[in-house]
Amino acid sequence: HRSYLNDFQRSEGRELVLKPWNADRLILLTEISLEKCAQRCSESHDCRAFNYEARPVPTCMHLPWVEDGTNAEVKRNVNCDLYQKKVYVRKCIVGKGEDYRGKVWVTQSGRTCQQWWSKFPHDHRWTPNPTNGLELNYCRNPDGDPIGPWCYTTDPERRYESCNIPRCKDEVCITCNGEDYRGQVDHTVSGRECQRWDQQFPHQHIYQPEKYPDKSLDDNYCRNPDASPVPWCYTTDPEVERENCDISKCAEAPARRHRSSYTTNCFRGRGEDYRGKVNETTSGIACQRWDAQKPHEHPFYPNTYECKGLEENYCRNPDGSEAPWCFTSEPEMRTALCLQIKRCADDIEAEDCYHENGKNYRGTVRKTRKGILCQKWSVNTPHVTKINPKTHPDANLTENYCRNPDGDQHGPWCYTTDPKTEFDYCAIKQCAGEKPPIIETSAQVIKFNECGKRDDRKVTTRLR
Amino acid sequence: IVGGTPGNSPWTVSLRDRKGNHFCGGSLVNSKWVISTKQCFSSCYVDLTGYTALMGTLYRNPKQGEPGMQSIPLTKIVCGPSESHLVMLQLETPAQFNERVSQICLPPERYIVPEGTMCEIAGWGETKGTGDEFVLNVAQMSVMSNKDCNEYFRGRVRENEMCTSSFQGGVGACERDYGGPLACQNSDCWVLEGVIIPMRRCGHPGQPNIFIRVSIYVDWIKKVMEM
């Protein structure tokens, strides 16, 4: 149930280009699926990587090298994905490292390794061949030695020595619950191989990489997209859907330093850095202590999530929810958000002020309240302007200064240079002591026709 | 909704996160735009990939293929003027209006809805045991003047907010109702006069409910839709 792609590390939007002098050793296959392309490369000893283009015609190019700067280079190509055999690009070892194919050629004490084909200064019985990876004088582990990859040394006094290649589980350690882990462990604690995140077999799942871009769900590496206690992965074993991975914790816990991004009387974003003392839900129910398991059992032990500030029964966000939350002290209500905590205003400092609604503002502020630079009124990128110097000649729409050509009650505004934000209000506030009037009108004279209609009779028939 | 009963509110939508969980309410103000509260979103630049608006059903967890149900991805979020706590959410495709899905009317700009006007709130949120969380609940309440409301909240109710009367039995919005509508009757149609925002307590006996006064921001709402 494993995919051949498990042998490879993918680089999206990249292609490997060989040097001119060795570009003739390419194998081109067309009309072939990605999985087939990977299978044929896995089964070939000459193939160490492949470029795959899905469109317009599925094209697979097998390559004898990986990116190493000397034999091949990686270039950007939005139509192509590069797959390189992990054993050739990995800088760490799995298990005893028998499949290590990296390019370290120095031992742990700094001695240069002897070439494997040579019998001098140390005679030995190993002979390089296309399958055993005994290349040049790179560290290898042909006899499955527990010390990991080793080599004969060029020092006549020292026959052989370990190269001290780090284990992948130690190469990158985790802090807290490892949600920032971006290492290359791809097996679980019981040794099961991980399933690729971008595949739905043998296990269907919701953690598709494109839906969680910030979780780096690369290849089949262990990750922690759901705030579990440790990184985990779906496994290639149909019988075991998911399992934790065995990755070393960093030796020292991160020093309890006061991160400048911590807030106490409001929260930013999802509130992961909120460290205030609100300890009840929006509806006024007291929160349960994090170090208690009653009335609600839970996995968020303060010492497992030591960087999440799970003190007392304060509202916190250890799992990337939409806002700070807590387990409640009511048995019937397991968790609740603490949305009564204010969101920190993310507006920048106002740089000027305007009178009334700012229609006559002629200042030179050219930033929105979020600090984004304004777009020039006279251009149409990134946003096509419906309001511009031609449509409003008297509105003094010069450069990209904040203006209020349409008499917006909420003050001067501008089109923004952020493609996602068409327009926004500016970093200008109303001059002290001014308020727009509230107009009391009688809605009776207003007729609404296509909106607000409801057929009250049908509710009961639609309930099951 | 605390103290509500199952009801119909065709302009009320359920906002769903990437896991498909209901997390907040919203109101259809036209076929492509939903209005909700900023409090439900981590930022004005949040990546909405995987977020959807579900409408045309009374159930919080409708079955696949339920007739009339529409689930439309959200593609854009626009934050309202500061202090408005409002956001506008753009739908990837227009909602199909029918007897289960319709848009709510917007009030005139800066209009003050008269005291005593009959209104209702709707949502799939917490009922605190007073109702069934798996269906849309609706609760009726009438408009209370800011002056009277400020007596209870000791002057903290601002001009861009509005209140509805309190009930000794405790009626009001609660967790996961936020962003939903306060719809008020105007002859034969319903007008979006308020947007539900989080309060200190929900459905607290004797406590009036506070909403963002939509009429203050109708000019901004129309501008976003036009732009």
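FYI, side chains are in, hydrogens and waters are out, and symmetry mates aren't considered; it's all heavy atoms of this structure. Letters A, B, ... are given to chains in the order of the sequence lines, protein chains preceding strands, and every chain is numbered from 1.
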Under a 4.5 Å heavy-atom cut-off, does chain A meet the side chain of [X], its backbone, both or neither?
| X | result |
| --- | --- |
| B:Glu175 | side chain |
| B:Phe41 | backbone |
| B:Phe134 | neither |
| B:Asn30 | neither |
| B:Cys79 | both |
| B:Lys128 | side chain |

Does any heavy atom of chain B fall under 4.5 Å from the side chain of [X], the backbone, both, or neither of them?
| X | answer |
| --- | --- |
| A:Thr282 | both |
| A:Ile206 | side chain |
| A:Ile341 | backbone |
| A:Glu332 | neither |
| A:Ala336 | both |
| A:Arg270 | both |
| A:Lys386 | side chain |

For [X] and [Y], which heavy atoms make the closest approach, and how far apart are they?
| X | Y | result |
| --- | --- | --- |
| A:Glu210 | B:Thr49 | O-CG2, 4.2 Å |
| B:Cys174 | A:Ser283 | SG-CB, 3.8 Å |
| A:Cys451 | B:Ile104 | CB-C, 3.8 Å |
| B:Cys189 | A:Lys453 | CB-NZ, 3.7 Å |
| B:Cys40 | A:Glu322 | O-OE1, 3.9 Å |

Next item on the list: Just give me the residue among B:Lys38, B:His204, B:Arg176, B:Glu83 that pairs up with chain A most often, heavy atom to heavy atom, under 4.5 Å.
Entry: B:Lys38

Notebook entry, point to check: If you count heavy-atom pairs under 4.5 Å between each of B:Pro81, B:Gly80, B:Ser84, B:Gly50 and chain A, which one has the most?
Noted result: B:Pro81

Margin query: Does A:Arg242, at its CZ atom, have more than 12 non-hydrogen atoms belonging to other residues, nucleotides or ligands within less than 6.0 Å?
Written below: yes

Check: Does atom NZ of A:Lys367 have more than 12 heavy-atom neighbours from other groups under 6.0 Å away?
Finding: no

Please output the side-chain donor-acceptor pairs of residues 220-227 of chain B that fall under 3.5 Å, not counting sequence neighbours, one pair per line with the distance.
unit_1: B:Lys223; atom_1: NZ; unit_2: A:Asp406; atom_2: OD2; d: 2.9
unit_1: B:Lys223; atom_1: NZ; unit_2: A:Asp408; atom_2: OD2; d: 3.0

Rounded distance (nearest 0.5 Å) linking atom [atom1] of [X] with atom [atom2] of [Y]:
| X | Y | atom1 | atom2 | value |
| --- | --- | --- | --- | --- |
| B:Glu109 | A:Gln409 | CD | CD | 7.0 Å |
| B:Ser42 | A:Asn317 | OG | CG | 10.0 Å |
| B:Glu126 | A:Thr281 | CD | OG1 | 8.5 Å |
| A:Leu339 | B:Cys24 | CG | SG | 6.5 Å |
| A:Arg454 | B:Ser9 | CZ | OG | 6.0 Å |

Next item on the list: Measure the shortest side-chain to side-chain distance between B:Tyr45 and A:Asp346 over non-hydrogen atoms and say whether it is less than 4.5 angstrom.
Entry: no

Treating [X] as the side-chain partner and [Y] as the backbone partner, does any N or O pair qualify as donor plus acceptor under 3.5 Å?
| X | Y | result |
| --- | --- | --- |
| A:Arg343 | B:Gln39 | yes |
| B:Arg18 | A:Lys211 | yes |
| A:His410 | B:Ser82 | no |

